[in-house]
Each structure stands twice: as C-alpha cells, then as structure tokens.
Number of protein chains: 4
Amino acid sequence: MFQIDLKSRKAIYEQIVDNFKRLISTGVLKKDEKVPSIREMAKILAVNPNTIQKAYRELENQNYFYTILGQGSFISAPPEFTNVKEIRANYGNLKTIINELMFFGESEEDILEFVRKECANSIKRN
Amino acid sequence: MFQIDLKSRKAIYEQIVDNFKRLISTGVLKKDEKVPSIREMAKILAVNPNTIQKAYRELENQNYFYTILGQGSFISAPPEFTNVKEIRANYGNLKTIINELMFFGESEEDILEFVRKECANSIKRN
Amino acid sequence: MFQIDLKSRKAIYEQIVDNFKRLISTGVLKKDEKVPSIREMAKILAVNPNTIQKAYRELENQNYFYTILGQGSFISAPPEFTNVKEIRANYGNLKTIINELMFFGESEEDILEFVRKECANSIKRN
Amino acid sequence: MFQIDLKSRKAIYEQIVDNFKRLISTGVLKKDEKVPSIREMAKILAVNPNTIQKAYRELENQNYFYTILGQGSFISAPPEFTNVKEIRANYGNLKTIINELMFFGESEEDILEFVRKECANSIKRN
DNA sequence: GTGGTCTAGACCACA
DNA sequence: GTGGTCTAGACCACT
C-alpha cells in the first residue's frame, strides 16, 4: 500500500495520514471503499496499533474516513462544497513553493509545464 | 517584520526559520543585509533568546544566513548552483498540493493562472 | 565510553561530537547500533541533557546518527557516495599537519611509517 | 600575504595565528624576518588592531614570534629540541584524519601518495 | 556590543 | 520510555 520511513523526522501517524490523503486525492482509493482494520494495518506497516488508531481518528476528524461501528472504516465521499479554509491554505503553500523554486533558479516554463502535467493527470483519474 | 503564533502546532523556531526563508526567497531581504541581533529579535518577538538562536543557527546551516562573530548575522547570497535535493522536495510538495486542489474542485485554469501570476511576481522582484 | 574534559577550550558538545565520529570512523560503533539515550548519556558524562541533545542533533545533521522518535538514536550507515567537501577539508588538514611535523624535525620515513600503520589498522577493522 | 574569512566560524585572531604558523612551517617566512607592525597588519587585513595584537601575543607565547620593544616582531628560529607535546598532538590528529579519510572510502595508496608528496615539498623547501 | 555555551527545570508529543 | 521545545538566567570569547 505504502511504506513508512521510521527514520523520517515526521511522526509515523502523520505519515500514515498524509499517505491516505494522497491515495484518496489521487483517486487510488475510491468512495465507500473499506480500509484495512487497525489490527491489519498495524501488521502491514509493522507499527504499534495505537499509532494506527491515532492516524485513523485524525483522518476521520478531517472527513477523509467514516467509521461504522463493528464494520470498520471507509473512504468518505469527496467534499460536496468547497472547503474554503483548506483551499486557502493550499494556495498559501503553493505560493511559498513557487517562490522557493524561482529562488533556486527554476524557470517559469519548467514550473508551468510541471503544474500542467499534474493537473492533466488529476483530471484523467477522475 | 512578522508575527509568531504561539498557539500553532509548529515550533516557534521553525516559524521563524520559515518566515525568514520566505522573506529571503521573495526578495524582501537582500544579500548581505544585517538581520536583527539575537537579543533584539528576542525582544521584538517576545520569545527567549535561545529560541531565536536556534532559528538563526538553523538558517545558517541551510545557508540562508552567515554569521560574523561579534558583529551579527547577515543574509547569504542566493545559491550559485542549484540545490537539487531542495528542488526535488519542492516539486514533490507541489505535486501533493495540486492533487489536493484538484480534489477540492479547483479548476486547472485557476491553478495555472495563480502559478503564472506568482512566477511573474517573482521575476519582477529580481 | 569516553571522557569529557570540562577544562578544555573545546565546547563540551563538540567533544562529544568528535568522540562519536572517532568511534564510528574507527568501527567501534557499528551501523544501526543504538547509542545511549539523551538522558542516559547525560548521566554517564555528568552534563546537562540539553548539551547532549545539541551534540546528537549535530551528529544527525552530519549523517553520523539517525533518530527514531520515541525510540532513540542510532548509528547511520557509512556514506555511500564520497563526501567530496569533507574529504577535501581532511586533505587540507593533513597537509598542515605534515608541514608541522616536518618543521618539528620528524623524518619522512617516520611519518610514512605511521600513516601506513594507521591505514592498515583501518583496513583490518573493516 | 593571506586572506581572512570573516564568515568563517573560526575566530579571526585564530585564523591569523594559523596562517602565520603555516607560512613559517612551510618556510615562506624565514628566521629573524620582520613581520608587519600591528598597525600595518590591521590595515592589510582590514581588521581591528586589537585582534592583530591578540594574534601576535599568541604567536609569541607559542614561540613562533619574538618581539624587540620599539622595533617590532620577528620570526623565531625553528625549535632546536623537538617539542614532544606538539608532535604527539599532531600524530593524534594525523591518526584521526587518516581514519576519517579511510571511512570516507579513500584508498591507502592515495593517502600515502599525498603524504609522500607533501613530505617531499617540505624537504625541498628546507 | 555581538554570538556561543551551558545549566536547571518545565512541559509536550510520540511509540 | 523516547526525543523535542522552551524559558530564565549565567558566563564566556570575540570585535
């Protein structure tokens, strides 16, 4: 499914959250699909079940997962109404990244080309 | 200069580092400009001098600052050779952000327009 | 493990860094071996935990250590690709030392003999 | 004569001391040669006279310089009797450097070749 | 004045 | 248990 980097500075539960977000926003995991149980996931990634639980709870809080007691966790539907706060934050980060790339000498053409390609991939998937 | 959010989950010293990086990569702070001394900055931001020092040391390690003992800290020159590792990390983050923006329903046109505008601003500054 | 000289002009944290580097480059400490926790080490050397942390962080920055949050610090694998900058610095220092030894009247034979012996020891260890 | 790197982590007075040691042990500066006065040197290197004074005092203490009041500072004669303590320290450093070079993957042949060349240069000069 | 080091002790997040 | 952050305050070395 994905790999955890124990040596990373990022907390393990955060890595799990980010990986699930990525798989969801890239369409690998579809709406209402069941995700592995906490115990299964703990075995798969070889980390403590408490850590998985923390990640799942976080994903639930952020509306990426929903849980049916006794049945497990599932992927939520994509947000119906635009999440203004999230989008603003993303544009803020986008701005920072572009500034840094330009600062490091990347050309406008290269950056635009990269963005165009990623948008296209994203559209194709959905 | 900038504000620190004491309630943020991000460490204070990291906020300082990120703010300085932003000011440098957006050209607000120029090469060889002196930054406030550790003690001054501590007063300005109302945090402990040790915390400022930690931030300044980090900025020095990442080559955004240089220090002259007994004189203070200064803004480094922009990197002469492209920092491949840093650029790759930025493209990785860029990919994630674009995926999230598309997931939240933003259009390719809007994103490209935003990127184009930021690139233009960046070029104008330099 | 090793001793700290509190009277030395060299900072305590630097002594710790240098000692660990020595133990690693001489093969005493092997890849993935766990080093004492910050608190343990602070007790062993009778210095403040903050000082140990500073040393450990420095060793992490220089890729001699890696850290797993909540588990401790470990010895990194030897560098896969030659660290050109570090090697150059070492050759520079080597030059200085040889000049000084010759200046103090040591013979070429003695110096070469010493170097040969140290190289051999180093090879034997690996 | 030589350049001072203000951005270096090493103190300016230490850089001056080390540079003079280098010039003396490599034979560029000969016995009884006069070195520039403190004021001259301060102008040449564009640093504070106090800093030069500190460096010169240090060189005097370590017997690389001698001073005649009212006439200035001069290069001392090479040590007649071997300075056992200095030599030991140098061999200690030599050991560390060789270990690091081997750790970074340098070959015994390369290191020996480098040492041989430096010894030869040193002999030629004297 | 500047940055650098160190201590003592508190509190937090993660596994 | 682990490392990470932060504060308060002291002392040092360099310019």
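Throughout, protein chains are lettered first and strands after them, A, B, ... in sequence-line order, and every chain is numbered starting at 1. What you see below is based on every heavy atom in this structure, not just the backbone, and it leaves out hydrogens, waters and symmetry mates.
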**Student:** Reading DNA chain F from 5' onward, which residue's closest nucleotide shows up sooner: C:Thr67 or B:Leu69?
**Tutor:**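 With C:Thr67 and B:Leu69 compared, the 5'-side residue is C:Thr67.
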**Student:** Could you tell me how far apart B:Phe65 (CZ) and E:dG4 (P) are, to the nearest whole angstrom?
**Tutor:**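 Those two atoms, CZ and P, are 12 Å apart.
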**Student:** Quick one: is B:Arg57 getting a side-chain N or O under 4.0 Å of the E:dT5 phosphate, OP1 or OP2?
**Tutor:**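 It does, given that an N or O in the side chain of B:Arg57 lies less than 4.0 Å from OP1 or OP2 of E:dT5.
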**Student:** When rounded to the nearest 0.5 angstrom, what is the spacing between NZ in C:Lys21 and CG in C:Leu29?
**Tutor:**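 Rounded to the nearest 0.5 Å, the NZ-CG separation comes to 14.5 Å.
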**Student:** Measure the distance from CD1 on C:Ile68 to C1' on F:dG1 and round it to the nearest whole Å.
**Tutor:**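 Distance, rounded to whole Å: 14 Å.
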**Student:** Rounded to whole angstroms, how far apart are CE on C:Met41 and P on F:dG1?
**Tutor:**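 One finds 19 Å between P of F:dG1 and CE of C:Met41, rounded.
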**Student:** Quick check on contacts: within residues 5-24 of chain D, what sits under 4.0 Å from DNA chain F by heavy-atom distance?
**Tutor:**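 Contacting residues: D:Ala11, D:Ile12, D:Tyr13.
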**Student:** Of the candidate nucleotides F:dG4, F:dT15, E:dA15, which contains the atom at the shortest distance from the side chain of D:Thr51?
**Tutor:**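 So the nucleotide nearest the side chain must be F:dT15.
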**Student:** Please report the distance, rounded to the nearest Å, between CG in A:Asn48 and P in E:dC14.
**Tutor:**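 The distance from CG of A:Asn48 to P of E:dC14 comes to 14 Å, rounded to the nearest Å.
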**Student:** Quick one: list whatever passes side-chain hydrogen bond (donor to acceptor under 3.5 Å, both in side chains) with B:Glu86, sequence neighbours left out.
**Tutor:**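 Not a single residue meets the side-chain hydrogen bond (donor to acceptor under 3.5 Å, both in side chains) criterion with B:Glu86.
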**Student:** In whole angstroms, how far is the P atom of F:dT5 from the CD1 atom of B:Ile4?
**Tutor:**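 Going from CD1 in B:Ile4 over to P in F:dT5 covers 14 Å.
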**Student:** Any donor-acceptor pair, under 3.5 Å, between the side chain of B:Arg39 and the base of E:dG1, if you only look at N and O atoms?
**Tutor:**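 Flag unset: no donor-acceptor pair detected.
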**Student:** Within the 4.0 Å heavy-atom criterion, would you say A:Asn50 contacts the bases, only the backbone, or no part of the nucleic acid?
**Tutor:**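 Nothing, no nucleic acid heavy atom in range.
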**Student:** For atom NZ of C:Lys43, is the number of surrounding heavy atoms from other residues, nucleotides or ligands below 6.0 Å larger than 12?
**Tutor:**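 Open: at most 12 neighbouring heavy atoms sit under 6.0 Å from NZ of C:Lys43.
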**Student:** Rounding to an integer number of Å, can you tell me how far A:Ile52 CD1 sits from E:dC14 P?
**Tutor:**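 The answer, rounded to whole Å, is 14 Å.
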**Student:** Please round to the nearest 0.5 Å and tell me the distance separating atom CD1 of A:Ile52 and atom CG of A:Leu45.
**Tutor:**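 That separation rounds to 5.0 Å.
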**Student:** Could you go step by step and tell me if B:Leu94 and A:Leu101 meet the side-chain contact (heavy atoms from CB on, under 4.5 Å) rule?
**Tutor:** CA-CA 10 Å; B:Leu94 184 51; A:Leu101 283 171; 4.0 Å; yes
**Student:** Return the 5'-most residue of the pair C:Pro49, B:Glu40 with respect to DNA chain E, ranking by each residue's nearest nucleotide.
**Tutor:**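 So the residue in question is B:Glu40.
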**Student:** Name the residue from D:Leu6, D:Asp5, D:Val47, D:Thr51 that meets the side-chain contact (heavy atoms from CB on, under 4.5 Å) definition with D:Gln15.
**Tutor:**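 With D:Gln15 as partner, D:Leu6, D:Asp5, D:Val47, D:Thr51 yield a single side-chain contact (heavy atoms from CB on, under 4.5 Å), made by D:Asp5.
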**Student:** Using only side-chain N and O atoms of B:Lys54, determine if any of them is under 4.0 Å from OP1 or OP2 of F:dC6.
**Tutor:**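 Result: no.
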**Student:** Report the nucleotide, chosen from E:dT7, F:dT7, F:dG4, that has the shortest atom-to-atom distance to any side-chain atom of C:Gln53.
**Tutor:**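 That would be F:dG4.
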**Student:** Measure from CD1 on C:Ile38 to P on F:dT5 and round the result to the nearest Å.
**Tutor:**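 Answer to the nearest Å: 10 Å.
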**Student:** Is there a Watson-Crick or G-U wobble partner for E:dT2 with both distances under 3.5 Å, and which nucleotide is it?
**Tutor:**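 Partner of E:dT2: F:dA13.
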**Student:** Are the side chain of C:Ser76 and the backbone of C:Phe65 linked by a donor-acceptor contact shorter than 3.5 Å?
**Tutor:**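 At least one qualifying donor-acceptor pair exists.
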